[in-house]
Amino acid sequence: MPQRTLRFKIRQDGQVEETVEGLVGEACIHLTEKLEAALGSVEQRKSTSEAFLREEVQKQTIPVKNH
Amino acid sequence: MSHFSTVKTQLRKKEHLKQALLDLGYVPQEGQNLVRGFRGQTVLAEMTVKMNTGGDIGFRWNQGSKSYELVTDLDLWKQSIPVERFLSQLTQRYALNTVLATTAQEGFQIAEEKKNIDGSIELVVTRWDS
């Protein structure tokens with residue numbers, strides 16, 4: 001059972017940076033979309049290579065913005 | 001001549017804007033209300049904060065930018081911080097409330113929340129997936 005961890009840094013001007021640890025696939029994109037609907041934009045970083053993998057047998061690249 | 005100024009913001013969701021204002025110690029009123037300015041001039045806004053001294057603070061929905069804009073009479077600004085600082089504090093609280101609410105909806109729990117020396121807020125949330 002994997003633990004999904006998200007780190008957020010909310011800067012003084014309200015800009016949000018999101019760092020994903022081990023959260024993969026559609027759930028991640030879904031969450032970020034919801035945040036962007038309310039925040040306008042979210043800077044996203046991927047901290048581990050796990051974020052590129054959906055399952056061990058299936059490889060998936062997630063189309064997110066990198067800043 | 002109107003003395004009201006409008007300032008564009010990234011504030012989009014009413015409930016998070018309301019909570020952010022409450023967090024900063026302001027008491028917002030929802031619904032169409034008048035924002036009072038110089039010499040009894042008024043303008044309508046969807047969320048308003050009535051001030052005992054100085055002009056009121058209002059937030060008016062801008063359909064074009066899909067966000068609330070701040071509307072107030074800047075000549076009457078009597079807050080302890082400048083309007084730019086007020087807006088950035090408000091936007092930070094708004095962002096924090098948005099992240100807390102959205103991640104909670106998705107089943108995440110707060111593991112850590114801390115304030116950094118530079119004024120930024122760090123938040124770590126986790127969820128166990130089956």
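Just so we're on the same page: letters track the sequence lines, and every chain starts at 1.
Contact of B:D118 with chain A is made through backbone and side chain together, with heavy-atom distances under 4.5 Å. Residue B:E84: no heavy atom, backbone or side chain, is found under 4.5 Å from chain A. Contacts between B:R85 and chain A at a heavy-atom distance below 4.5 Å involve the side chain alone, from C-beta outward. Contact of B:T103 with chain A is made through backbone and side chain together, with heavy-atom distances under 4.5 Å.
At a cut-off of 3.5 Å, with distance as the only test, no side-chain donor of B:Q19 or B:N97 sits close to an acceptor on the other residue. With 3.5 Å as the limit, one finds no donor-acceptor pair spanning the side chains of B:W77 and B:Q79.
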Intermediate values then yes/no, ring-ring contact (aromatic ring centres under 6.0 Å, His included), B:Y94 and B:Y68: CA-CA 12 Å; B:Y94 171 90; B:Y68 286 91; 8.9 Å; no
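Rounding to the nearest 0.5 angstrom, the gap separating the OG1 atom in B:T98 from the CD atom in B:E15 is 8.0 Å.
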